[in-house]
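Taking it in order: structure first as structure tokens, then the write-up.
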2 protein chains.
Amino acid sequence: MEQNETQQYEDLLVKNGLKRTGARLQVLDILSHRESATSQPYLENVVGKEIDRVTLYRILKTFEEKGIIHRVLDNHGTANYAICSNSCSEHNHHDEHVHFNCNNCLRVYCLDDVKIPALKIEKGFQIADMNLVVSGICKDCNKAN
Amino acid sequence: MEQNETQQYEDLLVKNGLKRTGARLQVLDILSHRESATSQPYLENVVGKEIDRVTLYRILKTFEEKGIIHRVLDNHGTANYAICSNSCSEHNHHDEHVHFNCNNCLRVYCLDDVKIPALKIEKGFQIADMNLVVSGICKDCNKAN
DNA sequence: TTATTGATGCAATAATGATGCATTAACATT
DNA sequence: AATGTTAATGCATCATTATTGCATCAATAA
Ligand SMILES: [Mn+2]
Ligand SMILES: [Mn+2]
Ligand SMILES: [Zn+2]
Ligand SMILES: [Zn+2]
């Protein structure tokens, strides 16, 4: 964990009124360096000896609430998390980009450049959030064949 | 269960090479008469004394594979199922309409008229399926306040 | 009517996630 | 630096959704 990155994570925690604990810093560091969204099971596999399962769930939930990370359900219904790119804040997410779930490697990609198009839905339905998950075979897996 | 409806369900099963069992007919009947998508837990609550949990899961999986029903994950990651409207067949679904998950009543609506817009995503990603779940407050729940 | 094979029920297990409560550690205050 | 306060953690336990193995049963074909 580089020095100025650590500082950056600490600032992020403080800014959100969260104590800067080792577990939180570690989770932030891992999520920040991954190229795709990350599930609790994956994280547990990495830090399970150092951080308790429940703590991990709670950290992820807290981070999501604070707008530090956003949640994507993959095709198995498992939650995956990725760092929010820009302007998210407490209970105010702006991550309406498309996600891609590879059927082969199971990775969940944030397609940050692909926004979810506006929809015309029946009057009476009040939209709070939209989640578009595309599944198929990812770039890497296609290349590998 | 009306007589000609039963006949219709039996035909559907036979057409898909499935034996017409009481459990399957019952599941078809229930799903056909519901206005929103339905989860296994809901079904179990209704027919749990007559049909085993595991049988229910297997029926749903089989129906999905045959293109009789389609699966939608709600915001909790729980699978919900709805009858396929038209031209779905084995391993060949065409249910690319938007779904609406109410945060209040938790219902999952099939917005059959709202199609998922085409997307331009990076070359290399091969799309097999798309799922767009919109969450918010549904028509009924908005009315009720 | 019998044989075949698919379908079911039961028991057990897996995976993801939440809750209650005692203990610990981070931060503010003195 | 010591102390107090409150958030954060760890552990045990439980909940929910879903799957697997295997013996039994029943729907359809022969
Ligand atoms: Mn994302
Ligand atoms: Mn639908
Ligand atoms: Zn892949
Ligand atoms: Zn509602």
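Labels below follow one simple rule: chain letters A, B, ... track the order of the sequence lines, proteins then strands, and each chain is numbered from 1. These numbers come from a predicted model, not from an experiment.
In terms of modelled atom types and a separation under 3.5 Å, the side chain of B/His99 and the main chain of B/Ala37 share no donor-acceptor contact.
Note on B/Arg53: every side-chain N or O is 4.0 Å or more away from OP1 and OP2 of D/dA18. Contact between the side-chain N/O atoms of B/Tyr57 and the OP1/OP2 oxygens of D/dT19 is not found at any separation under 4.0 Å.
By the salt bridge (charged side-chain N to carboxylate O under 4.0 Å, His left out) test, B/Arg53 pairs with B/Glu44, sequence neighbours left out. Legend: residues meeting side-chain contact (heavy atoms from CB on, under 4.5 Å) with A/Lys19, ordered by chain and number and at least two apart, are A/Thr21, A/Arg24. Under the salt bridge (charged side-chain N to carboxylate O under 4.0 Å, His left out) criterion, A/Asp11 pairs with no residue at all, not counting sequence neighbours. For A/Glu35, the salt bridge (charged side-chain N to carboxylate O under 4.0 Å, His left out) criterion is met by A/Arg107, not counting sequence neighbours. Partners of A/Glu10 according to the salt bridge (charged side-chain N to carboxylate O under 4.0 Å, His left out) rule, which considers only residues two or more places apart in sequence or in another chain, are A/Arg20. For B/Ser32, the side-chain contact (heavy atoms from CB on, under 4.5 Å) partners are B/Tyr9, B/Ile83, not counting sequence neighbours.
A/His70 and A/His94 have their aromatic ring centers separated by at least 6.0 angstrom.
With a 4.5 Å cut-off on side-chain heavy atoms, A/Leu12 and A/Ile68 count as touching. A/Val133 places none of its side-chain heavy atoms less than 4.5 Å from the side chain of A/Asp74.
Atom CG in B/Asn45 sits roughly 11 Å away from atom P in D/dT17 (whole-Å rounding). Summarising the geometry, the separation between CD on A/Glu10 and C1' on D/dA8 is reported as 16 Å, rounded to the nearest angstrom. Between the CG atom of B/Leu43 and the P atom of D/dA18 there is a distance of 11 Å, given to the nearest Å.
The span of DNA chain C lying next to chain B, judged by atoms under 4.0 Å from heavy atoms, is bounded 5' to 3' by C/dT5 to C/dA11.
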N/O donor-acceptor pairs under 3.5 Å from side chains in residues 124-132 of chain B, not counting sequence neighbours:
from: B/Asp129; atom 1: OD2; to: B/Asn131; atom 2: ND2; distance (Å): 3.3

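Contact check of residues 69-76 of chain B against DNA chain D (heavy atom, cut-off under 4.0 Å) returns no residues at all.
Using five terminal pairs a side, the axes of the helix from C/dT1-D/dA30 to C/dT30-D/dA1 at its two ends make an angle of 30°, given in steps of 10 degrees.
When the nearest nucleotides of DNA chain D are assigned to B/Leu18 and A/Lys19 by heavy-atom distance, the more 5′-ward of the two goes with A/Lys19.
The hydrophobic cluster around B/Tyr57 extends to none of the other residues, as no ILVMFWY side-chain heavy atom falls under 4.5 Å of it.
Cation-pi geometry between B/Arg34 and B/Tyr42 is met: under 6.0 angstrom from the ring centre, within 45 degrees of the axis.
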Pairs: protein N or O with nucleotides 9-12 of chain D N or O, under 3.5 Å:
from: D/dT9; atom 1: OP1; to: A/Thr21; atom 2: OG1; distance (Å): 2.7
from: D/dG10; atom 1: OP2; to: A/Asp52; atom 2: N; distance (Å): 3.2
from: D/dG10; atom 1: OP2; to: A/Thr55; atom 2: OG1; distance (Å): 2.7
from: D/dG10; atom 1: N7; to: A/Arg58; atom 2: NH2; distance (Å): 3.1
from: D/dG10; atom 1: O6; to: A/Arg58; atom 2: NH2; distance (Å): 2.7

